[in-house]
*Asks:* 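So that we are looking at the same thing, I have put the structure below in structure tokens.
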Amino acid sequence: MRALSFLLLLILAFGCKSAATLTDTKKDDGQIAFVIIQLNDVYEIAPLGGGKHGGMARVAHLKDSLSAINPNTFMVMAGDFLNPSLIGTLKLDGQRIYGKQMVETMNTMGMDLATFGNHEFDIGRKALQKRINESQFAWTSANVLEVNNDRKTYFNINRDIGNVAIKPYYIWSMTDADGTKLDVGFVSACIDSNPRDFVAYQPVIPSLKAALEAVIPKTDIQLGLTHLALEQDKEVANQFDALRLIMGGHEHNNMSVPTNNATVVKADANAKTVYVHRFSYNKNTKALIIDSELVPIDDKLAAQPATEAVVTKWEAILDAKLKEVVADPNEIIYTATTPLDGTDSASRGVQTNLGGIITEAMAKAFDQPAQAALVNGGSIRLDDMLSGAISSLDIFRVLPFGGHVVKVDMSGALLIKTLDYGLSKRGKGAYLQRYNIDRNALGEWMIGPTKIDPEGVYSIALSDFLLKGFDIPFLTADHPEILGVYTPEPSEKAGDIRRAVIDFLKQ
């Protein structure tokens with residue numbers, strides 16, 4: 001009653017409009033809080049692991065929930081989302097989907113800002129430009145330029161208003177309920193691990209230095225949004241004390257790594273986790289508090305209906321397309337009593353049971369089986385464990401790049417050189433998963449029980465990707481120590497590596 005009487009007195013004294021102004025006006029206290037949700041390395045829009053982990057509709061629900069508490073909630077993607085994915089490899093209306101499903105999903109879920117990852121350039125200039133144009137979120141990168149007839153310029157977003165250059169920095173401006181205003185600057189860089197003729201990678205440190213010099217005068221806080229190797233991120237953090245936090249990608253496992261200045265944080269791939277960063281800033285004292293929480297995205301979270309509808313649409317397209325290759329993508333083809341390790345860290349670092357199955361299937365995909373088989377660990381993209389009932393769809397997700405299996409006659413010397421190179425790349429995509437090849441106690445390479453003879457000739461099944469020299473530069477079809485290559489017809493079992501594995505598991 002007292003509160004009501006006081007309000008009536010205000011209305012009588014100042015009029016209705018003035019009373020509302022007096023009750024609603026709050027004084028700017030110079031303090032402001034905001035939230036950033038960080039994702040990185042997301043290739044699948046739907047949940048994985050039988051629906052237990054990940055799912056972009058669940059992330060969208062998380063953003064909606066946090067935004068309801070604090071409208072100043074922002075969501076960023078630290079690179080690698082247009083490729084590779086199983087859906088992205090398919091054709092729709094005669095064209096590869098190439099990340100269209102991801103952009104539509106990110107638009108619907110309310111993504112705010114993205115930076116390039118090295119896999120964005122896999123899809124080529126034309127498709128990349130289409131995806132950039134379709135995106136309703138902003139892009140930024142300080143060190144990635146587009147090459148056009150020897151001219152290097154920032155990539156553009158082509159909209160109705162014309163071409164808008166992607167800037168080397170991005171500024172997020174916000175205001176809270178009491179009128180406190182804040183400008184947050186983001187600077188970004190991408191690892192130069194994916195050379196393409198239409199892309200120029202500028203040196204990371206000078207590029208970020210120039211971007212920071214431009215953005216610092218315009219902003220209160222500066223943050224990093226990067227797609228770099230961890231050691232590069234640590235160097236960036238130690239070089240630039242203006243950066244208060246570096247939200248990174250490229251590695252596929254979650255981490256929080258402190259440095260002398262900022263902390264480098266990365267979430268798990270495929271949105272199995274996201275980082276939620278809560279910021280509290282005092283504009284008067286310049287004091288900043290950052291609370292970073294790794295949040296699991298699992299079946300305990302609800303799905304946002306609008307994003308779930310987009311995901312469901314694309315999953316239906318996927319199902320129809322897969323049925324053009326296998327009759328029933330959801331057919332259970334194998335039961336794994338021991339989980340099959342398809343995690344990135346294992347596939348790129350140790351011989352795994354899943355790598356063994358894939359390569360054995362490759363070797364036995366021919367009427368006359370190969371003596372052994374090799375595949376680069378980077379081809380295995382599931383980044384998860386497969387256990388229990390395994391379907392054909394699971395194998396497509398393990399090997400979204402597809403491609404055929406070739407049978408190569410090569411010298412023992414070249415085989416040893418290839419194996420040594422793969423071993424030297426432990427931790428990278430060029431690490432080799434193997435069938436019927438191992439090292440003895442002396443470190444010598446063996447095929448079965450026999451030491452590889454440098455003067456001998458061996459029949460080895462390879463993924464066609466390996467024979468293109470991308471991961472192992474000297475391993476190409478025209479190498480003088482490659483004595484013969486058998487390339488299967490598309491209809492043959494070896495004509496698609498996924499079909500080879502599916503048929504092998506069915507047996």
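Both backbone and side-chain heavy atoms feed into the values below; hydrogens, waters and symmetry mates do not.
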*Asks:* What do the steps show when you test E44 against R397 for salt bridge (Lys or Arg N to Asp or Glu O under 4.0 Å), and what is the final call?
*Replies:* CA-CA 9 Å; E44 298 292 344; R397 285 188 165 133; 3.8 Å; yes
*Asks:* What is the ring orientation for F121 with F198, classed by angle as parallel under 30°, tilted 30 to 60°, or perpendicular over 60°?
*Replies:* perpendicular
*Asks:* Can you confirm if the aromatic rings of W445 and Y421 lie within a centre distance of less than 6.0 Å?
*Replies:* no
*Asks:* Counting distance only, does the side-chain N/O of E146 pair as donor-acceptor with the main-chain N or O of V199 below 3.5 Å?
*Replies:* no
*Asks:* Restricting to non-hydrogen atoms, name the atom on I416 and the atom on P454 that form the minimum distance, rounded to 0.1 Å.
*Replies:* CD1-CG, 4.1 Å
*Asks:* Just checking, K417 and F474: is the charged tip under 6.0 Å from the six-membered ring centre and within 45° of the axis?
*Replies:* yes
*Asks:* Quick one: side chain to side chain contact (heavy atoms under 4.5 Å, CB included) partners of A372, sequence neighbours excluded?
*Replies:* N436, I437, I447, I460
*Asks:* Would you say the rings of F470 and F465 are close, in the sense that their centroids are separated by under 6.0 Å?
*Replies:* yes
*Asks:* Would you check if the side chain of Y201 reaches a backbone N or O of N194 as a donor-acceptor pair within less than 3.5 Å?
*Replies:* yes
*Asks:* How close do Q433 and G355 get, heavy atom to heavy atom, and via which atoms?
*Replies:* OE1-CA, 3.4 Å
*Asks:* Given Y334, which of V501, I390, D394 fulfils the side-chain contact (heavy atoms from CB on, under 4.5 Å) condition?
*Replies:* I390
*Asks:* Identify whether NZ of Lys or CZ of Arg in R381 sits under 6.0 Å from the centre of the six-membered ring of Y43 and within 45° of that ring's axis.
*Replies:* yes
*Asks:* Return yes if some donor-acceptor pair links the side-chain N/O of E360 with the main-chain N/O of I357 below 3.5 Å, else return no.
*Replies:* no
*Asks:* Are the side chain of N353 and the backbone N or O of D341 linked by a donor-acceptor pair below 3.5 Å?
*Replies:* yes
*Asks:* Just by distance, with hydrogens left out, do D41 and N270 show a side-chain donor and acceptor under 3.5 Å apart?
*Replies:* no
*Asks:* Answer yes or no: does atom NZ of K167 have more than 12 heavy-atom neighbours from other residues, nucleotides or ligands under 6.0 Å?
*Replies:* no
*Asks:* Please check if the side chain of R348 supplies one atom and the backbone of Y431 the other of a donor-acceptor pair under 3.5 Å.
*Replies:* no
*Asks:* Could you pull out the closest heavy-atom pair between Q351 and L432, with the gap in Å?
*Replies:* OE1-O, 4.3 Å
*Asks:* Any sub-3.5 Å donor-acceptor pair from K266's side-chain atoms to G249's backbone N or O?
*Replies:* yes
*Asks:* Taking all non-hydrogen atoms of both residues, which atom of D233 and which atom of L228 are closest, and how far apart?
*Replies:* OD2-O, 3.4 Å
*Asks:* Could you please spell out the steps behind the side-chain contact (heavy atoms from CB on, under 4.5 Å) verdict for I297 and K272?
*Replies:* CA-CA 5 Å; I297 304 299; K272 288 190 288 187; over 6 Å; no
*Asks:* How about R125 and N148: does a side-chain donor come under 3.5 Å of a side-chain acceptor?
*Replies:* yes
*Asks:* Might you point out which heavy atoms bring L475 and M410 nearest each other, and give the distance in Å?
*Replies:* CD1-CE, 4.2 Å
*Asks:* Taking the six-membered ring for Trp and the full ring for Phe, Tyr or His, determine whether the centres of W139 and F116 are under 6.0 Å apart.
*Replies:* yes
*Asks:* For a quick test of reading the model, state the closest non-hydrogen atom pair linking A271 to V59 and the distance between them.
*Replies:* CB-CG2, 4.1 Å
*Asks:* Is there a side-chain contact between F396 and L322 in this structure, where contact means two heavy atoms from C-beta onward sitting under 4.5 Å apart?
*Replies:* yes
*Asks:* Please list all pairs passing the salt bridge (Lys or Arg N to Asp or Glu O under 4.0 Å) test where one or both residues lie in residues 481-494, with sequence neighbours left out.
*Replies:* none
*Asks:* Between N376 and D471, is there a donor-acceptor pair closer than 3.5 Å when you use the side chain of the first and the backbone of the second?
*Replies:* no
*Asks:* Sub-3.5 Å donor-acceptor pair from the side chain of D319 to the main-chain atoms of E315, do we have one?
*Replies:* no
*Asks:* Is the closest side-chain donor-acceptor distance between H227 and N118 under 3.5 Å?
*Replies:* yes
*Asks:* Using a strict threshold of under 4.0 Å (side-chain N to carboxylate O), is an ion pair present between E120 and R131?
*Replies:* no
*Asks:* Could you tell me whether the side chain of E104 and the main chain of G99 form a donor-acceptor pair under 3.5 Å?
*Replies:* no
*Asks:* From K126 NZ over to K130 NZ, what is the distance, rounded to the nearest 0.5 angstrom?
*Replies:* 5.0 Å
*Asks:* Does T273 reach the main-chain N or O of D268 with its side chain, forming a donor-acceptor pair under 3.5 Å?
*Replies:* yes
